[in-house]
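Just so we're on the same page: letters track the sequence lines, and every chain starts at 1.
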2 protein chains.
Amino acid sequence: MNLRELALQLGLSQTTVSRALNGYPEVSEATRKRVRDAADKFSYRPNTRAKGLATGRSMAVGHVIPVSDQHEMVNPIFADVIAGAGEAYAEAGYDLVLSLVGARDEAAFYRDLASRGTIDGIIVHGPRHNDPRLPLLKEIGLPFLVHGRSSLADVSYSWVDVNNRSAFYRAAGLLLDLGHRRIGLINGLAGMDFAVRREDGYRRALTERGIHVDPDLIAEGEMTEAHGWASAREMLSMPDPPTAFLVSSIISAFGVRRAAAEQDIALGSELSVVVFDDDLSYFRSDGGVPQFTSVRSSVREAGRMAAEMLLDIIREGSDEPRQRLLEAELTIGRSTGPVPTHEGSKTTG
Amino acid sequence: MNLRELALQLGLSQTTVSRALNGYPEVSEATRKRVRDAADKFSYRPNTRAKGLATGRSMAVGHVIPVSDQHEMVNPIFADVIAGAGEAYAEAGYDLVLSLVGARDEAAFYRDLASRGTIDGIIVHGPRHNDPRLPLLKEIGLPFLVHGRSSLADVSYSWVDVNNRSAFYRAAGLLLDLGHRRIGLINGLAGMDFAVRREDGYRRALTERGIHVDPDLIAEGEMTEAHGWASAREMLSMPDPPTAFLVSSIISAFGVRRAAAEQDIALGSELSVVVFDDDLSYFRSDGGVPQFTSVRSSVREAGRMAAEMLLDIIREGSDEPRQRLLEAELTIGRSTGPVPTHEGSKTTG
DNA sequence: AATGGAATTGAAAGCGCTTTGAATATCATG
DNA sequence: CATGATATTCAAAGCGCTTTCAATTCCATT
């Protein structure tokens, strides 16, 4: 059933039927009702493509997930970000077009997407420190919004981000207050903007208290369980091991917990851990004192905001950038405690 | 730059240009080259919507992720499934339209998707035991393929699935061979088809060896870390606790590991664990003897297969169903061992 | 009854592409 | 040199919608 057939059924012109369904004012309430009822009865849905062709809008938003050519990994946080964004799209009647693209051919891909007119706007995921995608998108002229930020990129653009620097500054501060002086940082992939900012916050907190930043206590990598495990294991076997860790992801934190368990080191007393918690649904602690002390910010909420802001931008057509900085919430869990005294220290093995 | 303008530039008709670019044979090689070069030069990309309107195909595939109304959770395995599928689409020039839909209004949603013509086919995720979506989609007439299966659904349909029953049958068999008699099953959400099949396999293995299936040793729920932890904790505090667990997800297995650690129970010796490992990229053990003994099957590979099969179905237009059953790989890791003898048992707390 | 404005409705063009059916150019052949 | 086959090219219709501009209807006024 298409518009022509429906109009025929009703003995009306396509014009009137179209107007009635799209809520134009110049159609009488009587006919509008008649049209709506008929549309319901025949369960008529306007063809997306035809509508898009006529209006010039596609009513779709693109999400581009960068896939690092080396590891080909997909970070599970994207699932939650997209779930949040999806809610916004569903409410607004937009579709979500998802693409996973290797960094190699990203530029061409964005140009394609824009000139084929598949989408009306785009959400950029996983921005790197000085991300070439932003000037590119600016040049292409496609409305976009970044989940995260890209320092050094000297273009103005819209973004939603959590205050990573302050989150790690505060988290480090907490550990310092507890007396920790050797604090390991198990961070995300070098070059990712969030990782750079987190390290910044960590460094600032230490430096402000006159503590030397030991490069051996900083690990970077894809935030897998194995990465957390390997990094913690290595640092814990140093002659002067850290008494605390700052971990960029709850998934890596599981690995840290495993490393600690293997060496019979008790979390919370012998070793403190603060994690950055994206509040992923599958890793939420339900009720009670949480497992891990954390700086938490729901990535799903961020996804929702990002989508809503992008839709605003698309609708208003204005190009003045919008930005939203979220503050993470510092929650004390069971994984932190005062630095262990020397007599309390134990032999490993 | 659109087709008309390009044709104008070339002094050719739209017809010829269109044919040249789409590889029709009735265009001379000389003009084809001329057209291709010009298209390159002006970086012309045909408008998706116009093309779709003209051809009747949208060159897009839908993925519908069911969001349970109660928990609003998004399983991280979807990220990997979709990554796999995404590869296939990228190669074939298809777009991927992602929707997250609450079970409540799913029927309406599918009908919409079909009649609006947004997509040419659909991948069904997370099928339940007797999933109403399958007959519905059959009725609608939209090509679809299920990742997983739905027993009892008395329609024939295409699917890609891992042999869950055999995987758990074998996993349970392994534990039984090791002398375990009290084996806990920490399964996925009741009603999900995979969970039903896994329980089947577990039951069959036990029953065949004349072992009573204790309903108290079966836990079901969303496969979170917390679920694994809570279920293991509860079972381990039973008067006659299990000496081994079969766990439906590596994420829940982390929770099991936590519960064991809390009670100072050593994995592999005092407690055995076999997990179903979807080979998620963020939870892969890299090299060496894996953490967990597992039955493993890459969900990403499955996603890729699902996409490829659906594209075949769409292209061929035949409606005879295709099916692909994958066998999981049983890999011995460090989490399993012979059942502990009684003298070796320890006091808890 | 004639008039003009407001309220409704409709015909037709256009969005950018594919594809049918017709037209033209090219060429080997008798 | 005409002829028919073959290789190329093109004009125009059509995909299903929106939207401009024009037409019609309806009323309150004069």
Side-chain angles (χ1 to χ4, degrees), chain A residues 1-36 38-39 42-60 93-95 112-120 315, chain B residues 1-36 38-39 42-60 93-95 112-120 315:
Chain A
M1 165 77 47
N2 58 23
L3 187 62
R4 199 171 54 84
E5 288 167 25
L6 183 61
L8 233 58
Q9 285 283 340
L10 283 159
L12 287 169
S13 72
Q14 296 191 32
T15 311
T16 305
V17 176
S18 169
R19 280 180 178 143
L21 292 174
N22 290 311
Y24 281 67
E26 61 267 65
V27 79
S28 81
E29 277 315 309
T31 47
R32 190 189 303 280
K33 174 149 178 25
R34 216 159 65 82
V35 171
R36 284 219 175 109
F42 298 111
S43 68
Y44 163 75
R45 300 276 177 287
N47 180 291
T48 314
R49 294 187 297 274
K51 192 162 187 162
L53 188 56
T55 58
R57 278 169 295 119
S58 64
M59 296 300 279
Y94 274 73
D95 286 326
D112 245 59
L113 224 44
S115 49
R116 289 189 316 159
T118 327
I119 54 175
D120 295 333
R315 280 189 284 241
Chain B
M1 165 77 45
N2 58 23
L3 188 62
R4 199 171 54 84
E5 288 167 25
L6 183 61
L8 233 58
Q9 285 283 339
L10 283 159
L12 286 170
S13 72
Q14 297 192 31
T15 311
T16 305
V17 176
S18 169
R19 281 185 178 142
L21 292 174
N22 290 311
Y24 281 67
E26 60 267 66
V27 81
S28 81
E29 276 316 309
T31 48
R32 191 191 301 281
K33 174 148 180 27
R34 217 159 64 82
V35 170
R36 283 220 176 112
F42 299 111
S43 68
Y44 164 76
R45 299 277 177 287
N47 180 291
T48 315
R49 295 187 296 275
K51 191 161 187 162
L53 188 55
T55 58
R57 278 168 296 118
S58 64
M59 296 299 279
Y94 273 73
D95 287 326
D112 245 59
L113 224 43
S115 49
R116 289 189 317 160
T118 327
I119 54 175
D120 295 333
R315 280 189 283 242

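- Only B:Gln14, B:Thr15, listed by number, bring a heavy atom of residues 5-17 of chain B to less than 4.0 angstrom from any atom of DNA chain C.
- Note that OG of A:Ser18 and CG of A:Leu6 are 10.5 Å apart. Values are rounded to the nearest 0.5 Å.
- Among residue pairs with one or both ends in residues 48-59 of chain A, none qualify as salt bridge (Lys or Arg N to Asp or Glu O under 4.0 Å); sequence neighbours excluded.
- One axis for each end of the helix from C:dA1-D:dT30 to C:dG30-D:dC1, each built from five base pairs, and the angle between them comes to 70° at 10° resolution.
- In this structure, the CZ atom of A:Arg32 is 14 Å from the P atom of C:dA7, given to the nearest Å.
- Contacts classified as salt bridge (Lys or Arg N to Asp or Glu O under 4.0 Å) and involving residues 6-19 of chain A (residues at least two apart or in different chains) are given here: A:Arg19-A:Glu26.
- The side-chain contact (heavy atoms from CB on, under 4.5 Å) test applied to B:Ala7 returns B:Gln14, B:Val17, not counting sequence neighbours.
- When the side-chain contact (heavy atoms from CB on, under 4.5 Å) test is applied to B:Glu5, the partners found at least two apart in sequence or on another chain are B:Met1, B:Asn2.
- Every residue two or more places apart in sequence or in another chain was checked for a salt bridge (Lys or Arg N to Asp or Glu O under 4.0 Å) with A:Arg36, and none qualifies.
- Here A:Ser18 reaches the OP1 or OP2 of D:dT18: one of its side-chain N or O atoms lies under 4.0 Å away.
- Look at CZ on B:Arg57: it is 21 Å from P on C:dG16, rounded to the nearest Å.
- Contact check, A:Asn47 against D:dG16: no side-chain N or O comes under 4.0 Å of OP1 or OP2.
- In this entry the distance linking OH of B:Tyr44 with C1' of C:dG16 reads 7 Å, nearest Å.
- Counting non-hydrogen atoms of neighbouring residues, nucleotides and ligands closer than 6.0 angstrom, the CZ atom of B:Arg4 reaches no more than 12 such neighbours.
- Distance CG (A:Leu3) to P (D:dT18): 7 Å, rounded to an integer number of Å.
- Distance A:Arg116 CZ to C:dC17 P: 12 Å, rounded to the nearest Å.
- Using a 4.0 Å cut-off on heavy atoms, the residues of residues 20-31 of chain B that approach DNA chain C are B:Asn22, B:Tyr24, listed by number.
- With rounding to the nearest 0.5 Å, the separation of CE in B:Met59 from CG in B:Asp120 is 7.5 Å.
- Summarising the geometry, the separation between CZ on B:Arg49 and C1' on D:dC17 is reported as 12 Å, rounded to the nearest angstrom.
- Looking at A:Ser58, its side chain does come within 3.5 Å of a backbone N or O of A:Thr118 through a donor-acceptor pair.
- Distance CZ (A:Arg4) to P (D:dC15): 7 Å, rounded to an integer number of Å.
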Polar atoms only, N or O, under 3.5 Å: list the protein pairs with nucleotides 21-24 of chain D and their distances.
unit_1, atom_1, unit_2, atom_2, d
D:dC21, N4, A:Arg19, NH2, 3.3

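- Taken to the nearest 0.5 Å, the CG atom of A:Leu53 stands 12.0 Å off from the OG1 atom of A:Thr48.
- With D:dG16, D:dC17, C:dC17 as the choices, the nucleotide that has an atom nearest any side-chain atom of B:Ala50 turns out to be C:dC17.
- Atoms CG (A:Leu53) and P (C:dT18) sit 12 Å apart, rounded to a whole Å.
- At least one side-chain nitrogen or oxygen of B:Lys51 sits closer than 4.0 Å to the OP1 or OP2 atom of C:dT18.
- Looking only at side-chain heavy atoms (C-beta outward), A:Val35 and A:Leu10 come within less than 4.5 Å of each other.
- Take B:Ser115 and apply the side-chain contact (heavy atoms from CB on, under 4.5 Å) test, not counting sequence neighbours, and it matches A:Arg45.
- Judged as a salt bridge (Lys or Arg N to Asp or Glu O under 4.0 Å), and not counting sequence neighbours, B:Arg34 has no contacts.
- In this structure B:Ala54 satisfies the side-chain contact (heavy atoms from CB on, under 4.5 Å) test with no other residue, sequence neighbours excluded.
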